[in-house]
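Here the structure comes first, spelled out in structure tokens, and everything after it is commentary.
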Number of protein chains: 2
Amino acid sequence: MSTQPISDVVISRLPLYLRTLEFLEKEGRQVTSSQELATRLGFSSAQIRKDLSYFGEFGKQGTGYAIPFLQSKLREILNIDHLWEVGVIGAGDLGRALVHYQGFAAQGFRIVAIFDDAPKKIGMAVGALTVQSMGEVARVVRESKLQIMILAVPAQVAQAVANQLVELGVRAILNYAPITLSVPAAVRVYYLDPVVGLQSMAYYLK
Amino acid sequence: MSTQPISDVVISRLPLYLRTLEFLEKEGRQVTSSQELATRLGFSSAQIRKDLSYFGEFGKQGTGYAIPFLQSKLREILNIDHLWEVGVIGAGDLGRALVHYQGFAAQGFRIVAIFDDAPKKIGMAVGALTVQSMGEVARVVRESKLQIMILAVPAQVAQAVANQLVELGVRAILNYAPITLSVPAAVRVYYLDPVVGLQSMAYYLK
DNA sequence: TAGATTGTTAATCGATTAACAATC
DNA sequence: TAGATTGTTAATCGATTAACAATC
């Protein structure tokens with residue numbers, strides 16, 4: 001264990017470890033090993049042990065890792081041992097699909113608001129939520145102390161919306177818009193762009 | 001320039017270069033520099049020059065890069081100088097949102113089919129397409145020679161569907177299901193999981 | 001005990017960047 | 001010409017892995 005800042009690539013693998021543990025747990029398993037996790041994820045077992053070692057000692061020699069224990073440790077480390085409330089900007093097909101998606105709550109996140117600026121969308125029901133106008137973003141982010149927002153707006157407006165979110169103190173943006181956002185270093189952005197994925201895979205389809 | 005295989009991290013940045021060039025082009029710009037691209041993307045200019053140098057010499061000393069020329073070179077390199085036909089498995093909210101998304105065609109991809117196994121979804125219109133049954137996947141993939149498929153199905157069935165796609169000769173899978181797929185090394189998988197993004201960002205929200 | 005697996009070190013591997021000659 | 005910027009080399013930085021003592 002160490003106190004130096006831990007690399008981003010290490011952090012980005014922790015959710016995959018957690019997800020694999022959840023999979024094994026659902027199969028009724030109690031214990032796993034770095035080797036088993038490695039095989040399932042396509043990593044080396046040394047990498048998994050090294051990644052975990054940045055945070056503590058969670059295994060037993062000769063035995064491996066107790067699945068529920070390691071899960072709970074990873075949730076603590078990732079800061080998802082409680083539910084984060086999240087807002088969605090953009091009530092297009094994607095924004096609405098995100099609100100309908102049932103996979104967030106079990107993983108530490110709950111979507112509590114959705115916003116759009118199109119008059120015909122404002123007031124529309126999406127699941128248990130109602131689309132609010134963009135004018136409400138500031139109030140809702142402040143009142144609910146939202147720190148994480150999902151951007152599901154067209155590329156042309158994404159930077160302007162991001163600026164507004166940064167201004168309001170939002171600290172993490174899950175960005176579906178196909179644009180690299182310019183934000184202060186303290187604000188995290190995670191990019192999800194299907195086109196980037198398709199284009200980089202196309203390279204290999206010679 | 002060299003003929004050794006080029007690292008995946010290099011390839012994954014090329015779509016970002018292309019996207020930035022398109023942005024500058026829309027602003028009416030004719031020429032850019034590695035420094036300008038670097039600033040917009042948060043990379044170093046040396047990295048951009050090095051990445052491009054794996055594929056050729058596209059710039060002019062003292063001047064920089066002609067935007068339309070570099071765009072067309074990147075499209076060639078990425079193998080997107082023609083339109084790829086793509087199929088979507090899963091006609092849930094996400095699958096339908098993907099079919100409706102207008103951003104693919106200009107980037108080299110066209111969704112030509114959508115499949116689901118729920119009887120109530122089969123036959124449903126989604127944009128210009130009609131949801132087909134899973135029984136049709138084999139026929140359509142073969143007839144249209146689809147090499148790229150998008151997986152927008154629940155995690156529990158994703159591996160089984162992936163197996164079927166691999167069997168049919170599909171070579172690239174854009175995977176929205178929250179599971180690491182096990183596929184032969186020759187098959188590319190690109191993962192898009194919002195939960196992984198949210199969880200890794202939550203780490204920093206101490 | 002014998003076998004298995006951890007946590008960690010040191011070596012290796014690979015990616016990034018600083019620097020600069022070449023040249024537009 | 002003077003200034004700017006490329007393409008490339010070599011150095012640096014950082015991430016991965018092999019190996020193994022410790023120990024369950």
Side-chain angles (χ1 to χ4, degrees), chain A residues 1-17 20-21 24 29-71 73-74 77 180 185 200 203, chain B residues 1-17 20-21 24 29-71 73-74 77 180 185 200 203:
Chain A
M1 189 155 186
S2 117
T3 51
Q4 85 194 349
I6 289 149
S7 145
D8 214 54
V9 307
V10 172
I11 303 304
S12 69
R13 284 190 293 260
L14 302 183
L16 306 180
Y17 300 161
T20 306
L21 292 169
L24 292 169
R29 301 279 308 283
Q30 298 295 323
V31 172
T32 186
S33 65
S34 60
Q35 182 51 63
E36 181 175 46
L37 293 172
T39 303
R40 291 199 165 272
L41 288 164
F43 301 151
S44 77
S45 66
Q47 178 161 83
I48 290 174
R49 294 197 300 280
K50 184 127 204 0
D51 284 354
L52 296 176
S53 78
Y54 290 115
F55 304 98
E57 306 193 357
F58 306 123
K60 259 209 195 58
Q61 281 106 324
T63 308
Y65 301 92
I67 289 175
F69 175 73
L70 186 53
Q71 277 179 284
K73 284 298 177 184
L74 284 172
I77 293 164
T180 298
S200 51
Y203 171 82
Chain B
M1 189 158 184
S2 119
T3 51
Q4 84 192 352
I6 289 150
S7 146
D8 214 53
V9 306
V10 172
I11 303 304
S12 69
R13 283 189 293 259
L14 302 184
L16 307 179
Y17 301 161
T20 307
L21 292 169
L24 292 169
R29 301 280 306 282
Q30 298 294 325
V31 172
T32 186
S33 65
S34 58
Q35 182 52 61
E36 182 176 44
L37 293 172
T39 302
R40 292 201 164 271
L41 288 165
F43 300 150
S44 76
S45 66
Q47 177 160 87
I48 289 173
R49 294 196 301 279
K50 184 121 196 17
D51 284 354
L52 296 176
S53 77
Y54 290 115
F55 304 97
E57 307 193 355
F58 306 123
K60 262 210 193 59
Q61 283 106 322
T63 309
Y65 302 93
I67 290 175
F69 175 73
L70 186 52
Q71 276 180 286
K73 284 298 177 184
L74 283 172
I77 292 163
T180 298
S200 51
Y203 171 83

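We name chains A, B, ... by the order of the sequence lines, and we start the count at 1 in each one.
Distance, Phe55(A) CZ to dT8(C) C1': 16 Å, rounded to whole Å. Rounded to an integer number of Å, the gap from Leu52(B) CG to dT8(D) C1' is 13 Å. In this structure, Tyr65(B) places its OH atom 14 Å from P of dC24(C), rounding to the nearest Å. Across the protein-nucleic acid pair, Gln35(A) atom CD and dG7(C) atom C1' stand 16 Å apart, rounded to whole Å. Between Asp8(A) atom CG and dG14(D) atom P there is a gap of 14 Å when expressed in whole angstrom units. Between Glu57(A) atom CD and dT5(C) atom P there is a gap of 18 Å when expressed in whole angstrom units. Atom-to-atom, CG of Leu70(A) to P of dT5(C) comes out at 15 Å; the value is rounded to the nearest Å. If you measure from atom NZ of Lys73(B) to atom C1' of dG7(D), you get 17 Å, rounded to the nearest angstrom.
For Tyr203(A) against Ile77(B), the heavy-atom pair with the smallest separation is CD1-O, 3.2 Å. Nearest heavy atoms, Tyr17(A) versus Leu52(A): CD1-CD2, 4.2 Å. In terms of heavy-atom proximity, Ile67(B) sits nearest to Leu21(B) at CG2-O, 3.6 Å.
Pairs of residues two or more places apart, or lying in two chains, that qualify as salt bridge (charged side-chain N to carboxylate O under 4.0 Å, His left out) and include a residue from residues 32-51 of chain B are Arg13(B)-Asp51(B), Arg29(B)-Glu36(B). For residues 58-67 of chain A, no pair satisfies side chain to side chain donor-acceptor pair (under 3.5 Å), with sequence neighbours left out.
Between Ser34(A) and the phosphate of dT5(C), there is no side-chain N or O to OP1/OP2 separation shorter than 4.0 Å. For the OP1/OP2 pair of dC24(D) and a distance below 4.0 Å, the side-chain nitrogens and oxygens of Thr63(A) include no atom meeting the criterion.
Contact annotation: the side chain of Leu74(B) never approaches that of Phe58(B) to less than 4.5 Å [non-hydrogen atoms, C-beta and beyond].
Among residues two or more places apart in sequence or in another chain, the side chain to side chain contact (heavy atoms under 4.5 Å, CB included) test is passed with Ala38(A) by Gln35(A), Ser45(A), Ile48(A).
Residue whose closest nucleotide on DNA chain D sits further toward the 5' end, between Arg13(A) and Gly62(A): Arg13(A). A residue-by-residue look at Gln61(A) and Val10(A) shows that Val10(A) has its nearest nucleotide of DNA chain D further toward the 5' end.
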Are there any protein N/O atoms within less than 3.5 Å of an N/O atom in nucleotides 11-13 of chain D, and if so, which ones and at what distance?
none

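Once rounded to the nearest 0.5 Å, the distance linking OG1 of Thr20(A) with CG of Leu41(A) reads 3.5 Å.
Within residues 42-51 of chain A, the residues having any heavy atom under 4.0 Å from DNA chain D are, by residue number, Ser44(A), Ala46(A), Gln47(A), Arg49(A), Lys50(A).
Base-pairing analysis of DNA chain D finds the following stems of at least three consecutive Watson-Crick or G-U pairs, with both pairing distances under 3.5 Å: C:3-24 with D:3-24.
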